[in-house]
Amino acid sequence: VTDELDVCREMLSRHRKIVGPDCETFFTLGNHEERASRITNFRPEFRAYVARRLPEEMGLTDNSIRYLDWGGWVNYLGVTITHGEFVSNALYGAANAARRNITKFGGSGISGHTHRRACVAFSSVRGTHTWYDLGCTTRMDQPWKRGKSDWEWGIATSIVFDNQVHVQQIPIHEHGFASPAGKFYRR
């Protein structure tokens with residue numbers, strides 16, 4: 001666990017340097033991280049320690065990253081940011097999860113629970129709404145996963161213009177990714 005926390009701290013520190021100190025950044029606790037909290041069901045004496053220390057151990061505090069607990073979400077200028085909870089292993093699984101999220105939250109949003117990338121949009125009398133399923137930033141060679149993973153690496157960045165959030169979904173490939181500004185970042 002210590003090695004994984006070290007990698008997490010390094011990654012979040014690198015991301016913070018890339019986006020700069022003025023960028024409001026959120027980290028949504030997901031089902032994987034939530035396992036640490038579940039341990040406290042069996043060892044209640046660790047509950048306060050885990051709740052207090054997990055954001056600190058992950059480097060969120062040092063990097064000024066807002067922490068959202070499992071199941072939590074934030075509405076940022078009409079865009080919901082959440083870990084997500086829906087998953088579908090069928091073809092177009094991430095798109096189906098994105099459709100379920102856009103219905104649940106009633107508008108645009110960002111999630112990553114499926115570990116696959118998708119973008120789903122619909123228009124109504126209230127305007128056009130888009131849900132982005134970002135993919136993941138985890139290792140693909142998980143020891144418990146057999147064969148080639150169908151997960152996809154991805155992140156997003158956004159800018160606020162005219163009081164609206166404009167999301168740019170960024171796929172991460174084997175060698176790295178290109179930012180919307182045209183700079184290439186190696187993995």
Side-chain angles (χ1 to χ4, degrees), residues 8 11-12 14-16 18-38 50-51 54-56 58-61 63-138 150-172 177-181:
C8 182
M11 180 186 73
L12 292 174
R14 182 181 70 233
H15 290 352
R16 171 50 75 199
I18 291 170
V19 300
D22 295 332
C23 179
E24 192 165 3
T25 307
F26 303 92
F27 181 90
T28 58
L29 189 71
N31 52 303
H32 298 270
E33 296 85 7
E34 193 264 343
R35 291 178 184 138
S37 297
R38 274 191 268 155
V50 169
L54 191 58
E56 185 180 322
M58 293 173 70
L60 302 178
T61 308
N63 289 294
S64 302
I65 296 172
R66 285 182 53 190
Y67 173 79
L68 302 173
D69 208 353
W70 168 241
W73 54 275
V74 64
N75 185 307
Y76 187 76
L77 296 175
V79 175
T80 300
I81 302 167
T82 185
H83 176 78
E85 61 187 54
F86 301 118
V87 68
S88 173
N89 290 330
L91 187 60
Y92 309 116
N96 290 332
R99 283 185 185 93
R100 290 176 69 188
N101 276 314
I102 209 168
T103 301
K104 175 182 177 177
F105 290 101
S108 297
I110 301 168
S111 61
H113 179 66
T114 65
H115 293 214
R116 294 168 189 88
R117 294 187 315 267
C119 176
V120 172
F122 81 92
S123 295
S124 70
V125 294
R126 291 182 18 217
T128 298
H129 305 280
T130 308
W131 196 279
Y132 300 90
D133 219 321
L134 299 183
C136 61
T137 55
T138 191
D150 63 348
W151 294 348
E152 299 166 324
W153 287 311
I155 57 174
T157 186
S158 61
I159 62 166
V160 176
F161 180 79
D162 235 3
N163 214 32
Q164 290 186 322
V165 179
H166 299 268
V167 177
Q168 177 70 51
Q169 198 170 18
I170 303 170
I172 301 173
F177 67 93
S179 75

How long is the gap from [atom1] on [X] to [atom2] on [Y], to the nearest 0.5 Å?
X      : Y      : atom1 : atom2 : answer
Asn101 : His83  : CG    : NE2   : 10.5 Å
Tyr67  : Met58  : OH    : CE    : 7.5 Å
Ser179 : Ile18  : OG    : CD1   : 8.5 Å
Phe26  : Ile110 : CZ    : CD1   : 9.5 Å
Leu77  : Asp162 : CG    : CG    : 11.5 Å
Ile155 : Gln169 : CD1   : CD    : 10.5 Å

Inset, instruction - Using the test side-chain hydrogen bond (donor to acceptor under 3.5 Å, both in side chains), find all partners of Gln168 that sit at least two apart in sequence or belong to another chain. - result: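 Once residues adjacent in sequence are excluded, Gln168 has no partner under the side-chain hydrogen bond (donor to acceptor under 3.5 Å, both in side chains) criterion.
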
Inset, instruction - Tell me, please, which residues at least two apart from Thr61 pass side-chain hydrogen bond (donor to acceptor under 3.5 Å, both in side chains). - result: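 For Thr61 there are no side-chain hydrogen bond (donor to acceptor under 3.5 Å, both in side chains) partners, ignoring immediate neighbours.
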
Inset, instruction - Classify the ring geometry between Phe105 and Trp73 as parallel (under 30°), tilted (30 to 60°) or perpendicular (over 60°). - result: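 Taking Trp73 first and then Phe105, their aromatic rings stand perpendicular (interplane angle over 60°).
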
Inset, instruction - Run the numbers on Trp151 and Arg116 for side-chain contact (heavy atoms from CB on, under 4.5 Å), then give the verdict. - result: CA-CA 5 Å; Trp151 294 348; Arg116 294 168 189 88; 4.1 Å; yes

Inset, instruction - Would you mind reporting whether Val167 and Thr130 have side-chain heavy atoms less than 4.5 Å apart? - result: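 A side-chain contact is absent here, since even the closest heavy-atom pair is not under 4.5 Å.
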
Please report the closest heavy-atom contact between [X] and [Y], naming both atoms and the distance.
X      : Y      : value
Val79  : Gly109 : CG1-CA, 3.8 Å
Phe161 : His166 : O-NE2, 3.6 Å
His129 : Ser108 : CA-OG, 3.3 Å
Phe177 : Ile170 : CD1-CG2, 3.6 Å
Thr137 : Gly154 : CG2-O, 4.0 Å
Trp131 : Ser111 : NE1-OG, 2.9 Å

For [X] and [Y], indicate whether the former's side chain and the latter's backbone hold a donor-acceptor pair under 3.5 Å.
X      : Y      : result
Thr25  : Cys23  : yes
Thr82  : Gly72  : yes
Arg117 : Glu152 : no

